[in-house]
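Naming: A, B, ... by sequence-line order, numbering from 1 per chain.
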There are 2 protein chains.
Amino acid sequence: MNRDANRPAVRATAPTFSPLYRQIKDFLVASLERGEWGPGDAIPSEGELAQRFNVSQGTVRKAIDEMAAENMLVRRQGKGTFVSTHDDPRSFYRFLRLLPDDGVAVPSASDPFFCETIAASAEVAAALGLQPGDPVIHVKRLLSFAGETVVFDQIYLLADLFGGLTLDALRAGERSLYSLFESDFGVRMINAEERLRAVGADSESAGHLGVGVGDPLLLVERTAYTYGNKPVEWRRGLYCTRSHYYKNDLG
Amino acid sequence: MNRDANRPAVRATAPTFSPLYRQIKDFLVASLERGEWGPGDAIPSEGELAQRFNVSQGTVRKAIDEMAAENMLVRRQGKGTFVSTHDDPRSFYRFLRLLPDDGVAVPSASDPFFCETIAASAEVAAALGLQPGDPVIHVKRLLSFAGETVVFDQIYLLADLFGGLTLDALRAGERSLYSLFESDFGVRMINAEERLRAVGADSESAGHLGVGVGDPLLLVERTAYTYGNKPVEWRRGLYCTRSHYYKNDLG
DNA sequence: AAGTGGTCTAGACCACCGT
DNA sequence: CGGTGGTCTAGACCACTTG
């Protein structure tokens, strides 16, 4: 990272001061983006990175600290620092916020039943940064907790990133969707934004969720982003909240 | 903080290792709890605290870092470190997640219209750690954005902390409720948990919000905590999401 | 025992804010 | 200018994991 040469140069072109640790972080993020280290892999130790960048260990630590806080990396004392993976419950199991009323988390079962490439609607295009009519992959699936169907999701994916996705691939295995996306397509969801509303069930949703048309459902619209805040998925989920609730911590 | 004497003692009684910076943090949190420094006040500088505790500045920094991450303190480069206050938009303006569809945040107007001390129901008692029948203060209020009423809140407060709260006090001034609570009662809300559901409007809510009975509303149940994760408020809000949505970032 | 992350120090210097 | 938070270093030592 050659701080003596690099820092003045950076500051000359950018009046916005960028500390060394942030430059290192940016480099590491770019490395993740390039797939230098895959999900679940250990990255080099702090000491080795410090040597490689010619900085002190504390500076590397601060870069890694931020990335860990953003859920890109996971630190494990005595073992190393690892690239987050959706397979690991302790890092990337934080996207489904629906819990049963009794509070006991239960493994959910995904049942995808539709997967086709379609032309993006205006709404989907806007969310994904596309032009209306651009190709997107449309997936429909149901989610159930303990045998009870509680979510009807309609998912839209960038077609150029998820080309070749089939219903059979979606049905195979027990993995979560994001786990499959990262292992089969190299696309890692690192954060997302959700917009929630209460709506009345339409006939399709009512049928899937076993409620009456017009019954209240929780509408959850999610845009999910990979590295660099690039949107790659938009989904519209309808949650039946008769015996489940959406949990949110205001930290 | 006398690390040479304190650390071995701590480790002897507690096999769970507690680093120095965490002991300092605990001390600072306790000081905030005791009201040593009030909302908006500057706490002593890092250097002074380091001297006082007989540790290095870096150790104090780490303690403060954690507290800043938990929104108890706000750092301002060149000025100092300050106790968070709900008056300051940049720290404690993060509890109302409802936004208009057009995305432009608008100041909200609170219209409280009911305030009485009542006996806690089983539901309220459970949320606040009370016995059913214990006294709580029940507040009802409406929230409107740009003249449109969008939220009907029913708020339950620990009677022993908020004794003397009146409708007149609630109506006075432009401050948010939490701002009033912290300045008039010394109770600072530092975090909260919300549970969301979609429900059909009952007649009271429908009347307040200008929707039909049975129309879908977003039910938001919130438990709010002060220092030490002590629950001090429980509220049940009904949000009309016809032209507003609840925003949540999955970070 | 070796290797990793985690804590702590003492001191230097930088960026930002006020006077 | 002085004071405050922010960055960075070089090195010591501790805690945890694995062989």
Could you tell me the separation between the CG atom of B/N54 and the C1' atom of C/dT9, rounded to a whole number of Å?
11 Å
More than 12 non-hydrogen atoms from neighbouring residues, nucleotides or ligands closer than 6.0 Å to CD on B/E70, yes or no?
yes
Separation of C/dG5 atom C1' from A/M67 atom CE, nearest Å, is 16 Å
What residues 29-39 of chain B contributes to the DNA chain C interface at heavy-atom separation below 4.0 Å is none
Closest non-hydrogen contact found for A/L73 with A/V83 is CD2-CA, 4.0 Å
Distance-only donor-acceptor hits, side chain of residues 96-103 of chain A, under 3.5 Å, sequence neighbours excluded:
{"unit_1": "A/R97", "atom_1": "NE", "unit_2": "A/K247", "atom_2": "O", "d": "3.2"}
{"unit_1": "A/R97", "atom_1": "NH2", "unit_2": "A/N248", "atom_2": "OD1", "d": "3.2"}
{"unit_1": "A/D101", "atom_1": "OD1", "unit_2": "B/R197", "atom_2": "NH2", "d": "2.5"}
{"unit_1": "A/D102", "atom_1": "OD1", "unit_2": "A/V104", "atom_2": "N", "d": "3.0"}

Can you see if the side chain of B/S56 gets near the phosphate of C/dG11 - specifically, an N or O under 4.0 Å from OP1 or OP2?
no
Closest non-hydrogen atom pair between A/A224 and A/M189, with its separation
CB-SD, 3.9 Å
What pairs of nitrogen or oxygen atoms, one from the protein and one from nucleotides 4-6 of chain D, lie under 3.5 Å apart?
{"unit_1": "D/dT4", "atom_1": "O2", "unit_2": "B/G78", "atom_2": "N", "d": "3.4"}
{"unit_1": "D/dG5", "atom_1": "OP1", "unit_2": "B/T81", "atom_2": "N", "d": "3.4"}
{"unit_1": "D/dG5", "atom_1": "OP1", "unit_2": "B/T81", "atom_2": "OG1", "d": "3.2"}
{"unit_1": "D/dG5", "atom_1": "OP2", "unit_2": "B/E46", "atom_2": "N", "d": "2.9"}
{"unit_1": "D/dG6", "atom_1": "OP2", "unit_2": "B/R61", "atom_2": "NH1", "d": "3.1"}
{"unit_1": "D/dG6", "atom_1": "OP2", "unit_2": "B/R61", "atom_2": "NH2", "d": "3.0"}
{"unit_1": "D/dG6", "atom_1": "OP2", "unit_2": "B/R75", "atom_2": "NE", "d": "2.8"}
{"unit_1": "D/dG6", "atom_1": "OP2", "unit_2": "B/R75", "atom_2": "NH2", "d": "3.3"}

Atom-to-atom span, CD of B/Q23 to P of D/dC14 - whole angstrom
16 Å
Which atom pair, heavy atoms only, marks the closest approach of B/F181 to B/E233?
CE1-OE2, 4.0 Å
Under the 3.5 angstrom rule, does the side chain of A/T241 hit a backbone N or O of A/H244 as a donor-acceptor pair?
no
Separation of C/dA10 atom P from B/L20 atom CG, nearest Å, is 12 Å
Smallest separation among heavy atoms of B/G251 and A/N191, with atom names
CA-CB, 4.4 Å
Measure CZ/A/F53 against C1'/D/dC8 and give the value in whole Å, please.
16 Å
Nearest heavy atoms of B/A169 and B/L180, plus distance in Å:
O-CD1, 3.3 Å
